[in-house]
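A short worksheet on the structure shown next.
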Amino acid sequence: MRDYLKHYINGEWVESTGNETMDVINPATEEVAGRISLGTLEDLDRAVQAARNAFPTFSKTSKEERVRLLEAIADEYEKRKDDFIEAITEELGSPLSISEKVHYSMGLNHFRETARVLKDFSFTEERGDTTIQKEAIGVSGLITPWNFPTNQTSTKIAGAFAAGSPVILKPAELTPFAAMILTEVFEAAGVPKGVFNLVNGTGERVGNGISSHPGIDLVSFTGSGAVGQKVSENAAKTIKKVALELGGKSPLVVLEDADIKKAAKIAVSNVVMNTGQVCSAATRVLVPNAIHDQFVEAVKAVLPRFSVGDPRAENFAGPLVAQKQWDRVQGYIEKGMEEGATLVAGGTGKPEGLKTGYYVKPTIFTDVKNDMVIAREEIFGPVMSIITYDTVDEAIDIANDTVYGLAAYIAGRDPEMIKKVAHGIQAGQIRVNETQPDFTAPFGGFKQSGNGREWGDYGIEEYLEAKAVIGMPT
Ligand code: NAD
């Protein structure tokens, strides 16, 4: 049982000024795994003041100092490997191996890669008599979701620190444990006081407080579109810069010449990863009519390899994060059946033998039309919609027929066809066949998937303002 009842403000663990707490539930056991304090607006004010006090000094540190800071953070982060893995499995229900290989590693990579990219990052550009300086934007408020507890926090914090911006983090209240360990990492790495502040709490109170606070210059939000809109509305009142990383309904375009077995594996692993709670998951799989039946057979054959079950056993995926999420996913599976899609695998209810825990069956639908609800709305569970097409132009049209544009995937062989699809799809990141993540490549969305970019040098740019000095004496 973890009692994380303090916030971290101005380099110290402090009591909350309120006395409300919230239980954090382990989604595999449905038991209470710990508690956090729900912060107040007074707690937030104190954190904002600490960050503002830290800004003049931190924003003027040299690039080399900030590279060293990020490297020190990465070193300390590595020392806490086992603690991160255990905490993420407890709060999110992800299998221990995924907590390690995906969650723990992504956080580490953001600090290491941002440090590396920062070494070559130029904050000054000379254009004749004009000098353009890129300077830290001010104080940044960071609001993160529950599905990637170390990835979302680390990418934002690494970018902000690289730019010289002090931060206030409000992690997701469903999965706050990893952020508490991360805070201990910052303490151990010697992050100067006031540069990192953490206030736990609800979106309604602390989240709204961040987006409307006059002392915060930028709000970086990752989460749902509905909350993203609210954040933007609040931020507009103080003309804050807003960076949004929102949802997706990403396509995987399987080309006719694809290796069908490999394409089926990409499709299944993508949609079952993190129990489908991935903003960039390929939930719409576009398959040529000519190879549809073979593809469906290949999906059915590979599906059992991606087992769902106890996160402490050898499984690929665990439960969904919460009962609310379970109800939501069940609702969409029912909707898919009502709408006339054909169930290939899975369906409603819990997988056999898994009564306790928010487990769902990985569910594959085919005969899906792109105007069905299951093809339009983000389900955030392991539910795949197979949609057929005849020509590549038609596939591109279907891929783009969505309000989202976060990611897209292509499985195929012909380089010209792959290029055509990659150029045709409006999405922030396109991945071709089996690839590893590139932590220096920008991540973010077109259309309603957001309006910012994270990771690597683009992630640093997010926290900078450009200052033009015209006629600077030499
Ligand atoms: P959410 O929008 O409900 O919550 C995200 C965060 O916002 C939480 O910390 C929450 O407390 C806070 N929040 C809630 N109400 C708020 C308010 N009124 N003002 C300010 N903050 C508020 O999202 P979620 O359910 O935690 O996460 C799932 C969503 O996140 C999905 O839509 C998913 O696609 C998206 N997501 C996007 C990315 C990306 O990089 N594009 C990554 C992960 C998740």
Side-chain angles (χ1 to χ4, degrees), residues 22 24 36 38-39 41 44 91-92 102-103 106 110 141-156 159 168-176 178-179 198-213 216 219-237 240 242-250 273-283 320-322 324-329 332 377-381 402-407 427-429 437 442-455 458-459 462:
M22 190 184 125
V24 178
I36 54 164
L38 296 181
L41 292 181
L44 178 63
E91 63 188 356
L92 182 64
V102 178
H103 295 286
M106 288 184 91
H110 285 305
L142 315 177
I143 304 172
T144 52
W146 45 261
N147 61 334
F148 278 83
T150 43
N151 173 56
Q152 318 293 357
T153 48
S154 301
T155 183
K156 291 184 195 304
I168 297 116
L169 170 69
K170 189 209 87 63
E173 56 273 47
L174 285 179
T175 60
L198 176 142
V199 180
N200 269 319
T202 63
E204 277 298 306
R205 196 188 295 143
V206 182
N208 270 323
I210 287 177
S211 57
S212 47
H213 204 293
I216 293 179
V219 57
S220 175
F221 170 81
T222 299
S224 60
V227 176
Q229 273 182 27
K230 216 166 184 181
V231 166
S232 300
E233 283 166 21
N234 280 343
K237 290 172 198 142
K240 270 185 199 33
V242 180
L244 300 175
E245 299 289 342
L246 307 174
K249 197 72 198 175
S250 301
M273 169 58 74
N274 217 34
T275 324
Q277 304 163 119
V278 181
C279 51
S280 54
T283 48
L320 292 169
V321 74
K324 196 173 152 204
Q325 194 65 18
W326 193 89
D327 294 340
R328 175 190 158 100
V329 173
Y332 277 111
E377 296 182 12
E378 188 180 43
I379 298 173
F380 234 50
T402 168
V403 295
Y404 295 112
L406 188 57
Q429 199 170 92
F443 184 87
F446 281 41
K447 302 194 271 183
Q448 291 185 28
S449 288
N451 58 11
R453 290 293 181 274
E454 300 193 305
W455 302 28
Y458 280 80
E462 201 80 277

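Residues: numbered from 1 along the sequence shown. Counting starts at 1 for both ligands and their atoms, following the listed order. Hydrogens, waters and symmetry mates play no part in the numbers below; they use all other heavy atoms, side chains included.
A side-chain donor-acceptor contact under 3.5 Å links Asn208 and Asn234.
Between His110 and Trp455, the ring planes lie perpendicular to each other; the angle is over 60°, past the 30° to 60° tilted range.
Atom CZ of Phe443 and atom OG of Ser280 lie 4.0 Å apart (nearest 0.5 Å).
With respect to atom 42 (C) of ligand 1, the closest heavy atom belonging to the protein is Cys279 SG, 2.9 Å. Among all non-hydrogen protein atoms, the one lying nearest atom 10 (C) of ligand 1 is Glu173 OE1, 3.7 Å. At the shortest separation from atom 35 (C) of ligand 1 among protein heavy atoms lies Gly223 O, 3.1 Å.
Distance remark: protein heavy atom not present below 4.0 angstrom from atom 4 (O) of ligand 1.
Using a 4.0 Å cut-off to heavy atoms of Trp146, the atoms of ligand 1 that qualify are 24 (P), 25 (O), 26 (O), 27 (O). Interface atoms of ligand 1 facing Glu245, defined by a heavy-atom separation under 4.0 Å, are 37 (C), 38 (C), 39 (C), 40 (O), 41 (N). Under a 4.0 Å criterion applied to the non-hydrogen atoms of Ile143, ligand 1 contributes the atoms 6 (C), 7 (O), 9 (O), 12 (C), 20 (C), 21 (N). Shown in contact with Phe443 at under 4.0 Å from a heavy atom are these atoms of ligand 1, numbered in order with element: 40 (O).
Considering backbone and side-chain N/O atoms, Glu378 comes within less than 3.5 Å of an N/O atom of ligand 1.
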